[in-house]
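Notes to accompany the following structure.
Just so you know, these numbers come straight off a predicted model, no measurement behind them. In listed order, ligands and their atoms are each counted from 1. One is the number of the first residue; the rest follow in order along the sequence.
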Amino acid sequence: MGEFLTIREIDQAVHAIRARIKIQPEVGMILGSGLGPMAETIEDAVIIPTDQIPNWPISTVVGHEGRLVIGRLEGVMVLVLQGRAHFYEGYDIGRVTLPVRVMQRLGCDKLVVTNAAGAINPEFVPGELMLITDHLNLIGMGGVNPLKGPNLDEFGPRFPDMSQPYDREFLDMARVACDDADMTYREGVYASLSGPSFESPAELRFLRGIGADAVGMSTVPEVIVARHGGMRVLGVSGISNKANLDGSTITTHEEVLEAGQVLVPKLTTLIRGFLAKL
Ligand code: HPA
């Protein structure tokens, strides 16, 4: 496997999945740290461990199960990735986004992407959902973009537009889904860093200054590849911890996973409500 993803590598993974499913998925979903249990409510589920799929980037992180769950949710055919791989695990950034390419080749034209994130906005508290309205591609600004390398013309153009990374109509549907369930939510800008070290207080104050409301180590590369391939995207952060802008508290992966337990029921309500409106 080279540095850049090829159509051949993508299709090897696609064939392995197609051989095991009968349905045509419409919505791809990626569940972030501690959020995997959301997939337990999927009906008629076919489960494929991702280590059985060629070229798949395997997640090594606790809280990431490493399974594809394909089935029906609210009458919609979904293909759900429980447990993503991250750039900090050592994969090239293109490989991190292979699952999104595979979803596209399988016919998914919509992506629901979730993550656990630290709250930079001082009003946000752990256990809240944040609808992602826009993002800051900080690792991209550092030159690490999943579209680097030969353009895959089959999917999209060399210079894809990024004026609407998160679909405005999907955002409205998600707002209504929350309102219908009497569930409060936040909205904001997600900043993506490579990790795995959490941010220093000065970095967090910098992020606040440039307009970030939440920070994490994923999602943006996947969204860029999704938009390149013409998918419409809904992005949701589960606020798992308060980022520590003054250095007075510490951040741990354990607290991120713990917040997942509060977040999963809320996320399930939001996503079911959203899917029901599709
Ligand atoms: N920083 C970066 N990534 C994260 C955080 C955080 O505070 N919480 C969950 N993912």
Donor-acceptor list for residues 267-275 side chains, cut-off 3.5 Å, not counting sequence neighbours:
from: Thr268; atom 1: OG1; to: Val264; atom 2: O; distance (Å): 2.7
from: Thr269; atom 1: OG1; to: Pro265; atom 2: O; distance (Å): 3.0
from: Arg272; atom 1: NH1; to: Glu74; atom 2: OE2; distance (Å): 2.7
from: Arg272; atom 1: NH2; to: Thr41; atom 2: O; distance (Å): 3.4

Throw together a table of side-chain donor-acceptor distances under 3.5 angstrom for residues 125-133, partners on residues two or more places apart or in other chains.
from: Glu128; atom 1: OE1; to: Val125; atom 2: N; distance (Å): 3.0
from: Glu128; atom 1: OE1; to: Arg186; atom 2: NE; distance (Å): 3.0
from: Glu128; atom 1: OE2; to: Arg186; atom 2: NE; distance (Å): 3.3
from: Glu128; atom 1: OE2; to: Arg186; atom 2: NH2; distance (Å): 3.4
from: Thr133; atom 1: OG1; to: Gly188; atom 2: O; distance (Å): 3.1

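No donor-acceptor distance shorter than 3.5 angstrom exists from the side chain of Glu43 to the backbone of Gly71, with no hydrogens or angles considered.
Between Lys110 and Asp167 no salt bridge is recorded (no basic side-chain N to carboxylate O distance below 4.0 Å).
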Between ligand 1 and the protein, which N/O pairs are shorter than 3.5 Å?
from: ligand 1; atom 1: 1 (N); to: Glu199; atom 2: OE1; distance (Å): 2.8
from: ligand 1; atom 1: 1 (N); to: Glu199; atom 2: OE2; distance (Å): 3.1
from: ligand 1; atom 1: 7 (O); to: Asn241; atom 2: ND2; distance (Å): 2.9
from: ligand 1; atom 1: 8 (N); to: Gly118; atom 2: N; distance (Å): 3.3
from: ligand 1; atom 1: 8 (N); to: Asn241; atom 2: OD1; distance (Å): 2.7
from: ligand 1; atom 1: 10 (N); to: Ala116; atom 2: O; distance (Å): 3.3

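In the hydrophobic clustering (ILVMFWY side chains linked at under 4.5 Å, chained through shared members), Val176 stands by itself.
For the atom pair Glu258 CD and Leu263 CG, the distance stands at 11.5 Å (nearest 0.5 Å).
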